[in-house]
Every structure is written in C-alpha cells, then in structure tokens.
Amino acid sequence: MRVTTSMMIRNYQTNLSKTSENKMNLQNKVLTQRNFCSVKEDPSAAAKASNLTRQYLKNSDYMDMAKDLRSKIDAQEDSVYQVVKYAEELYAKLGKESLNGTNLSQRDTYANTVLSIRDSILQSLNATYSNTYIMAGANGTEAPFGINAEGKLTYREKVVDDPNNFTELEKFNQETLYVDIGLGLEFQDAADAGTAYDQISSSTAFDVAFSGLKAVWNGKKGEDIKNLNGTLADYRQENKDGKMANNLVDLCTQLAKELAQPDGDFDYQACDAMVTQIKEYHIQADNALTGIGVKENFLEKTVDRLEANDLSLATQLERVVTPDMAAAITNYSYAQYAYNAALRIGVNLLSQSFLDFMR
C-alpha cells in the first residue's frame with residue numbers, strides 16, 4: 001500500500017491530538033488534585049464518590065445537630081442543678097435554721113430569704129438556650145412557669161396545685177420531641193402504636209424534650225400534712241383544708257407565709273413538715289438531674305461515633321477522588337515528554353515536501 005504524505009499528516013495529527021488530550025487530562029489531575037473532573041471520565045468512581053459525599057454530608061449534619069443538642073442538654077443540666085442546690089439550701093440550711101429555737105425571732109428574715117430562693121428557682125425553671133425555653137417540654141416558644149395573681153405556680157398557664165389540671169399536667173410531663181441524629185430513624189405504624197398517626201420509634205431518635213415539672217412537681221393531687229407528721233396544721237393562707245402544696249415553688253410560698261405568722265399563730269409542726277417535704281423535692285430534682293446526665297452521656301458517645309464516621313468517610317472519599325500525587329506528577333511529566341517528542345517529529349515530518357523526494 002502506498003503511503004502518501006497526506007496520509008502521514010492525517011495520522012500524525014490524530015496521534016498528536018490524543019497525546020495532547022492525554023497530557024491535558026494528566027495536567028488537570030495534578031492541578032485539581034482529582035482523579036476525574038466529569039462523570040464521563042470514570043462513571044464508576046463518580047457514582048461511588050457521589051454516594052460517599054452524600055453520606056459524608058449527612059453524617060456532618062447529624063454531628064452538628066448532636067453537638068448542638070449536647071449544648072442544650074448541658075443548659076438543662078445546669079438549670080436543674082441550680083434547682084437541686086436551692087432545694088438543698090432550703091432544707092439543709094434555711095429550714096433548719098429558721099426552726100431553731102434561738103432563731104425563731106428572726107422568722108421574717110428567713111421568710112423573705114425563702115421567697116427570694118423561690119424566685120431564683122422560678123428563673124432557673126424558665127432558663128433559655130438559643131431563644132428556646134429548655135424546661136418547657138415540647139413547647140419552647142413561651143416561658144413555661146409563672147406565678148398567677150393568687151400566688152400559685154402555673155405551668156403553661158395551668159395551675160400546678162389545682163387537682164382539675166392533674167391529667168393535663170401529666171400529659172405535659174410526658175411530652176416528647178424527637179430529633180434525628182443518625183440512629184436510623186424509623187416509624188411505628190399507627191395501628192400498632194394505637195394512635196391516629198404513625199409514631200417515631202423512640203429507639204431510633206433522640207428525645208430532647210424536658211419538662212421542669214420533673215424537678216419540682218411530685219405528680220400528686222396534694223398531700224395532707226397530718227399524713228406526714230401526725231398533726232393537721234391550721235393554715236391561715238389559701239390551703240384551708242391543711243393540704244400541702246404538690247410542688248416545690250408553692251411549698252416555698254407556704255413556708256414563707258407560715259414563717260411570717262405572728263408568734264401566737266405560728267405553727268412549728270407545719271413548718272417542720274414542709275421542710276421535710278422540701279428534702280423530698282431535693283431528692284426528686286437530683287433524680288431528674290441524673291436522668292439528664294444519662295442523656296448527656298448518650299450524646300457524648302453519639303458525637304464520638306459520628307466523628308469516627310466522619311473521619312472514615314472522608315478517608316474513603318479521598319481515596320476515590322484524590323490521586324496519588326507522586327504518581328500523577330510522574331505521569332504528567334512523561335506525557336509532557338511524549339508530547340514534546342511528538343512535536344519534534346512533526347517538525348521533521350511537516351517540513352518535507354514532494355520536492356524533497358525528487359532526484
């Protein structure tokens with residue numbers, strides 16, 4: 001077969017184009033530090049990289065959420081810890097001191113101190129984190145606790161010491177607010193859950209809701225003082241039937257009012273019973289604090305797991321997307337050398353003409 005000059009030129013141009021394209025691809029790999037810049041270059045690797053990227057970003061979202069929740073749980077823990085310390089101070093110091101025979105003449109001072117601590121407890125119960133009330137169960141947009149015109153503690157506008165609100169308060173106390181933090185979120189069928197809608201499976205999400213009632217409400221409709229110390233206090237305040245308040249805040253109000261009574265009307269046994277009950281609230285708040293600590297520990301472990309996943313996914317993604325730079329630079333240098341050699345051959349080839357072959 002006769003090889004013409006035009007055939008050689010066309011063949012040369014084709015091979016030079018391939019050499020140039022190969023050099024450009026290797027150059028891009030070095031400059032971008034990526035094995036591929038488009039899906040068509042390596043469809044399989046691109047699909048794997050896309051899947052790993054999606055997992056990596058989702059894991060990062062879970063990790064950020066878990067860290068934010070950890071800070072929120074820390075804030076809850078701090079608030080309940082303050083309630084625990086205030087209850088301890090009421091019981092271990094102020095309560096015992098105010099009932100000491102040598103201090104009975106200073107009961108007014110102790111009464112004012114009890115009211116001051118009551119207000120501090122209320123502030124702790126209305127603590128916020130990122131403009132959210134952290135002790136309000138599933139509703140963090142409004143301050144959960146307050147004191148109404150009658151001086152009674154309210155939770156989400158319901159009087160805590162009112163037996164008529166008992167059922168509703170129980171519901172508030174059991175509210176949940178689940179957040180997906182990468183535990184494999186699943187839903188329980190409505191028929192199986194016995195509800196009108198599908199329910200989130202509690203083991204596949206994190207419950208961030210916490211009601212301050214867990215720390216200060218005994219979950220009862222009221223206790224009769226005579227059941228505590230064998231006597232029935234003859235109150236002058238709202239509790240004409242001698243019932244003790246069923247929450248720490250109202251109990252502080254009752255204690256302060258009794259301490260402020262004149263000597264002839266002061267009921268020592270009633271105050272002693274209330275101080276004893278405050279000790280029970282101290283234990284209850286401490287148990288609530290322990291429960292928050294368990295949740296905090298769970299979040300710590302979750303964050304550790306997510307951080308380990310983050311590192312693993314980042315490593316896998318780097319292996320798929322990022323080339324071995326030493327090999328990439330070597331290949332590029334060889335491609336550049338081949339391209340330069342091709343150009344030198346082209347100079348010799350294209351400089352010849354028909355006249356060069358005539359004798």
Side-chain angles (χ1 to χ4, degrees), residues 57-87 116-149 151-160 165 168-183 185 197 199-200 202 204-217 247-250 252 284-304 306-307 310:
L57 294 176
K58 184 180 292 187
N59 187 81
S60 295
D61 289 341
Y62 289 146
M63 186 165 57
D64 291 342
M65 177 61 71
K67 289 180 178 179
D68 183 66
L69 290 178
R70 185 173 59 183
S71 298
K72 185 173 183 178
I73 296 300
D74 283 344
Q76 289 177 350
E77 185 178 40
D78 290 341
S79 297
V80 177
Y81 177 74
Q82 292 300 319
V83 174
V84 171
K85 297 303 291 183
Y86 289 136
S116 176
I117 292 177
R118 179 203 65 179
D119 293 341
S120 297
I121 292 174
L122 196 63
Q123 290 178 358
S124 296
L125 293 173
N126 284 331
T128 60
Y129 173 79
S130 295
N131 298 322
T132 301
Y133 290 95
I134 56 178
M135 313 278 275
N139 179 15
T141 58
E142 298 178 356
F145 290 92
I147 294 181
N148 64 10
K152 292 287 188 178
L153 177 70
T154 62
Y155 181 77
R156 287 160 68 170
E157 301 183 352
K158 300 294 180 182
V159 177
V160 178
N165 297 330
E168 206 159 359
L169 290 171
E170 274 193 322
K171 292 181 180 178
F172 288 153
N173 207 23
Q174 297 171 6
E175 281 183 334
T176 57
L177 182 61
Y178 289 112
V179 180
D180 185 11
I181 56 172
L183 303 177
L185 185 65
Y197 304 96
Q199 299 294 310
I200 294 177
S202 60
T204 64
F206 182 79
D207 181 17
V208 71
F210 180 82
S211 171
L213 290 174
K214 290 183 172 68
V216 298
W217 179 54
N247 64 84
L248 177 60
V249 175
D250 284 342
C252 289
Q284 178 177 329
D286 195 46
N287 289 337
L289 183 64
T290 301
I292 294 176
V294 172
K295 295 171 72 173
E296 185 179 24
N297 184 55
F298 176 80
L299 279 177
E300 289 282 354
K301 293 181 178 179
T302 300
V303 169
D304 291 342
L306 291 171
E307 287 179 342
D310 185 78

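The analysis underlying the following values was restricted to heavy atoms, covering all of them including side chains, and did not include hydrogens, waters or symmetry mates.
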With a 4.5 Å heavy-atom cut-off, do [X] and [Y] have their side chains touching?
X: E168; Y: Y155; result: no
X: I134; Y: F210; result: no
X: F172; Y: P144; result: no
X: I181; Y: F298; result: yes
X: T176; Y: S202; result: no
X: V249; Y: L125; result: yes
X: K72; Y: D68; result: no
X: N126; Y: M135; result: no

Does CG belonging to N148 count more than 12 external heavy atoms closer than 6.0 Å? yes

Y81, OH atom: more than 12 neighbouring heavy atoms under 6.0 Å: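 No, because the 6.0 Å sphere around OH of Y81 holds 12 heavy atoms or fewer from other groups.
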
Quick check: does any side chain N or O of [X] sit under 3.5 Å from a backbone N or O of [Y], one acting as donor and the other as acceptor?
X: N59; Y: L306; result: yes
X: D207; Y: Y178; result: no
X: E296; Y: D74; result: no

Interatomic spacing from CG in D119 to OH in Y86 - rounded to 0.5 Å: 10.5 Å

